[in-house]
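Take a look at the structure set out below.
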Amino acid sequence: GENVEQHPSTLSVQEGDSAVIKCTYSDSASNYFPWYKQELGKRPQLIIDIRSNVGEKKDQRIAVTLNKTAKHFSLHITETQPEDSAVYFCAATPWRGSTLGRLYFGRGTQLTVWP
Amino acid sequence: EAGVTQSPTHLIKTRGQQVTLRCSPISGHTSVYWYQQALGLGLQFLLWYDEGEERNRGNFPPRFSGRQFPNYSSELNVNALELEDSALYLCASSLAGRGYGYTFGSGTRLTVV
């Protein structure tokens, strides 16, 4: 099955700086890549996603890039704010055959934004 | 619009006992997914239900099972609880069989002692 690796496991930045979280995946058939934000004690929330026919997607201060050849995708957060502090999870799925119904998640990145 | 709701929010059980967790999907969503979030391990896929049928399951032993009801709500059952079953159990829902835009509930925190 698919294997997703996520780096770094922890990231500390100063407010206003940019943060980048990187993920790699193993199955070249993966075609959907969501990112989730999970604040302490709360549910994971979808913040942005990208499909394999797109190389980049932006939503205000958040962007995701996808490199299908290298099988990696990244989350970029600009002008970070303390409320961006949370655990961020990347995921990937080929959504076919035995992988139907499941997302494969990375282990998460704890982002801390210092005021 | 109400989100995905899960009950109970917290649960403490003794090793060897059985537990049932419940999930109500967003109205109009027919697919329900269950994930286990153990400390430091990310989210591990447990089960997918759609239209009352189990469509896929992850690499968990048979003592993890569940079902989906005609109103699309779902329950997850775990028999013969082990200490390592302690985790946050998350339910998500989506439109029929679409992985795009999973919406998660807030989870049930299970502690096995």
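All chains are named by letter (A, B, ...) in the order of the sequence lines, taking the proteins before the strands, and each is independently numbered beginning at 1.
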Could you see if [X] belongs to whatever hydrophobic cluster contains [Y]? Use Ile, Leu, Val, Met, Phe, Trp, Tyr and a side-chain cutoff under 4.5 Å.
X	Y	result
B:F69	B:W34	no
A:W95	A:Y104	no
A:I62	A:F89	no
A:L46	A:L75	no
A:I48	A:V20	no

Q | Neighbours of chain A found in residues 103-113 of chain B - heavy atoms under 4.5 Å | A | B:T103, B:F104, B:G105, B:S106

Q. Residue by residue, which of residues 79-90 of chain B have a heavy atom closer than 4.5 Å to a heavy atom belonging to chain A?
A. B:L88, B:L90

Q: Using non-hydrogen atoms and a 4.5 Å limit, figure out which bit of A:P44 sits close to chain B: side chain, backbone, both or neither.
A: both

Q.
I need the B:L43 CG to A:R107 CZ distance, nearest 0.5 Å.
A. 12.0 Å

Q: Mind checking the OH-OG1 spacing from B:Y102 to A:T93? Nearest 0.5 Å is all I need.
A: 7.5 Å

More than 12 heavy atoms of other residues, nucleotides or ligands under 6.0 Å from [atom1] of [X]: is that the case?
X	atom1	value
A:K22	NZ	no
B:R15	CZ	no
B:N59	CG	no

Q) Quick one: hydrophobic cluster around B:L39, which other residues, with the 4.5 Å side-chain cut-off, linked directly or via members? A) none

Atom pairs and distances, side-chain donor-acceptor, residues 8-15 of chain A, under 3.5 Å, sequence neighbours left out:
| from | atom 1 | to | atom 2 | distance (Å) |
| --- | --- | --- | --- | --- |
| A:Q14 | NE2 | A:P115 | O | 3.2 |

Q. Quick one: are B:Q37 and A:Q38 in side-chain contact, heavy atoms under 4.5 Å?
A. yes

Q. When the ring centroid of A:F105 is compared with that of B:Y35, is the distance short of 6.0 Å?
A. yes

